[in-house]
Number of protein chains: 2
Amino acid sequence: MQGGGSELNERKKLILKAIIEAHVKEGEPVGSKYLTQNKQIALSSATIRNEMAELESLGYLEQPYTSAGRVPSESGYRFYVNSLMQKYRMSQNELARMNALAKSRLAEIDRLLESATRLAAGLTNYTSIAIKPKQSTGVITKFKTVLLDKHLFMLVMIDGTGNIKTRQITSDEEISEETLSRLEEELNLKIANKRVDEITVSLVMEIERNFGAGEGIVSSVIKTVCETLGEPEGGDLKMAGVNHLLEYPEFSDAREFKELLGVLEEKRDILKLVSDSDLDEDGPQVLIGSENVLEEMKNSTMVFQKIKSGGKVVGAIGIIGPRRMDYSKVISTVEYIAQNISLMLNSSLSLPEAFGEDEN
Amino acid sequence: MQGGGSELNERKKLILKAIIEAHVKEGEPVGSKYLTQNKQIALSSATIRNEMAELESLGYLEQPYTSAGRVPSESGYRFYVNSLMQKYRMSQNELARMNALAKSRLAEIDRLLESATRLAAGLTNYTSIAIKPKQSTGVITKFKTVLLDKHLFMLVMIDGTGNIKTRQITSDEEISEETLSRLEEELNLKIANKRVDEITVSLVMEIERNFGAGEGIVSSVIKTVCETLGEPEGGDLKMAGVNHLLEYPEFSDAREFKELLGVLEEKRDILKLVSDSDLDEDGPQVLIGSENVLEEMKNSTMVFQKIKSGGKVVGAIGIIGPRRMDYSKVISTVEYIAQNISLMLNSSLSLPEAFGEDEN
DNA sequence: TTTTAGCACTCAAGGTTGTTGAGTGCTAAC
DNA sequence: GTTAGCACTCAACAACCTTGAGTGCTAAAA
């Protein structure tokens, strides 16, 4: 609400920071007396109370009810994240686990993201998501085919961003290597680099004419291509560590948890949330409580960072947890993992020796 | 634990059936008085009490505490499933939704299973899982390669059961079409149809020697192949509708739910559970409570059915819910979906015209 | 002017107690 | 074999009290 919080003097900042960190740790409203234990704050409880009252009127703290302790408000967390928080220092153990991911040398973004989610969930004890957005180019630049069986072949589609999709297609007629390579050629000639709305019926008919026999295959293939191009909200979302959330009392209310889980399963909304976010922002992004547009997430925080490869956003990795979250640790973890993945992707295309020369 | 329950007379069966159905519907222990409302049972509450007492001593019913109503025991449910239950009749609406799946014409088992899980979860209001077991042959019968980029190619592996796996492999050296097809040839010659323990170092060295330049690629490829062959518990598990479970009071205890969720996320145990089950059993299989070996599932029921294609088990689809479950509906749904998928898979290999000749 | 001690006040949490009502088992009559 | 009647049990609920952490305010100390 209010500006950057520069109106706060050092003492208020110290107290606010202490309150937030205590609350994150204990999970309960923190009172003035509790803070007097903090060696950094050499004040009586009464003085602290006065400061807390002011912090509350400034909107950084809230009181669940008269004469309970104080709890950080959304703006409190926001101010903390923006100005007060110190970077979390990874432990040796944590760094080791991260490096194991880097050494795995997974080239495929999907499998890489899957490993990354598990890692993120394991390290932070929150739920982690990995997102692969719909490829944005909207065209397929190259087709490849692989004959798998007399009646089955695989269509490999590569788009401008290097995204690769495979689909298997069956045919009731027998397919020969020769037919298939003619089909491949035809596709690369006529369909490659076309947007879905440029694939007209007459174009398809032309291919079918050129192709002669087996129009059945052509129409199956075209249908598959169009489906792939136009996949409604494309993208893919993987999750890990959903069960971690149940450790936090915030989610002990089954109804609320169910709603959040519903959103996570639905995938669509989360994908939108992430892809709507600031495209140019390179670092970790933090959506606290109602900063998430989704009603169901108003009591949760989402921290995520986009993963870029060759200048394009190819994915994102994030953490979802209660508003009361160990921001310092989570943000560092997400940032570190995302950066590493970006690095791996970029280097695996051109200079894979950047990683440990030995596996295992 | 006693035998098939043939010692029960008709009246006991009627009462047991009524109790189970009432309990499934209401979710609460059912008392003798409640049952007198049932027109089929024209008895006084006292008589019903006597019968209930006998059913309890036979092990089919349980009393949560003195003078609450009765609740079906595990054997009670088991007897119900084996002998009392009538088949659920699908509504028009439900049949329509099933048919939509059949019309989607998804050839790939993965995508088909994913759609099927969502459907099953939606129809039953429980959590649904789809399982693709580790391919059992343990060998790859055919390799294919597709060049995707100067430094990137795709390795397609087909195993005996028609299972197809793709992996992308990068190389720091440039790859030509020609090198790649030589690699493919070499793989099909030397590695195809070999078990993972038959791929010896000397064999690999031989390939590298034959292959001349670019040994880097060979070793990456072999590593990938071995990984694929030896994937610890292979298999894949998809879930849908996890949030449905939270609607049932059985899962309002967060701790217990967390454990179940943990098992579901772990995947490994569930895969084992299903693959350990009776291989020859073609119909739906029902594991009630502690019939599941997993401790975490002792309060849940799992209903699943294997999906066969060409005589082999290629997957399974199942439902997980509380022990108090609408068995009739769930079993029918699982059975129907599994049968349909089997049908689709078998027909799409040979006679795809079995399905509606028109899409949409 | 700032800080602190003291005090009255508030209110959630948790314990105790009593009431209610659904349900049972047993017995005696039908 | 079935039923009505009755005494008994026990979870669920509500009413009540106690406790204690925490507050705001005021007046005195620094």
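All chains are named by letter (A, B, ...) in the order of the sequence lines, taking the proteins before the strands, and each is independently numbered beginning at 1.
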Exercise. Tell me: CD of B/Gln63 to P of D/dT9, nearest whole Å?
Worked result: 14 Å
Problem set entry | Phosphate OP1/OP2 of C/dT3: any A/Arg11 side-chain N/O under 4.0 Å | yes
For this session: For D/dT23, take OP1 and OP2 only and decide whether either is under 4.0 Å from a side-chain N or O of A/Ser32.
Result: yes
Exercise. Hey, is the side chain of B/Thr47 poking within less than 4.0 Å of OP1 or OP2 on D/dT3, counting only N and O atoms?
Worked result: yes
Problem set entry | Nearest-Å distance for atom pair CG/P, residues A/Leu43 and D/dA30 | 17 Å
Exercise. Is A/Thr66 touching bases, backbone alone, or none of the nucleic acid, heavy atoms closer than 4.0 Å?
Worked result: sugar-phosphate
Problem set entry | Closest listed nucleotide, where the reference is the side chain of B/Tyr65 and the choices are C/dT4, D/dA11, D/dT23 | D/dA11
For this session: Indicate whether OP1 or OP2 belonging to C/dT24 is found under 4.0 Å from a side-chain N or O atom of B/Arg70.
Result: yes
For this session: Check the side chains of A/Glu94 and A/Tyr88 for a donor-acceptor pair under 3.5 angstrom, ignoring hydrogens and angles.
Result: yes
Solution key, residues 28-36 of chain A side-chain donor-acceptor pairs under 3.5 Å, sequence neighbours excluded:
from, atom 1, to, atom 2, distance (Å)
A/Ser32, OG, A/Arg49, NH1, 3.3
A/Tyr34, OH, A/Glu26, OE2, 3.2
A/Thr36, OG1, A/Lys33, O, 2.4

Exercise. CD of A/Glu28 versus C1' of C/dC11: gap in Å, rounded?
Worked result: 16 Å
For this session: Check if the side chain of B/Ser67 and the base of D/dT9 share a donor-acceptor pair of N or O atoms closer than 3.5 Å.
Result: yes
For this session: Taking atom types as modelled, find out whether A/Asn299 and A/Glu250 have a side-chain donor-acceptor pair closer than 3.5 angstrom.
Result: no
Exercise. More 5' along DNA chain C: B/Ala46 or B/Gly69, using each one's nearest nucleotide?
Worked result: B/Gly69
Exercise. At under 4.0 Å, does any side-chain N or O of A/Arg49 touch on OP1 or OP2 of D/dC25?
Worked result: no
Exercise. Tell me: CD of B/Glu62 to P of C/dG23, nearest whole Å?
Worked result: 18 Å
For this session: Compute whether any side-chain donor of one residue and acceptor of the other, for A/Glu74 and A/Ser290, lie under 3.5 angstrom apart.
Result: yes
For this session: Would you mind classifying the nucleic acid contact of B/Ala68 as base, sugar-phosphate or nothing, using non-hydrogen atoms under 4.0 angstrom?
Result: sugar-phosphate
Exercise. Is B/Glu281 atom CD crowded by more than 12 heavy atoms from other residues, nucleotides or ligands, each under 6.0 Å away?
Worked result: yes
For this session: Write down the distance between CE (A/Met52) and P (C/dT3), rounded to a whole number of angstrom.
Result: 16 Å
Exercise. In whole angstroms, how far is the P atom of C/dC26 from the CD atom of B/Glu54?
Worked result: 12 Å
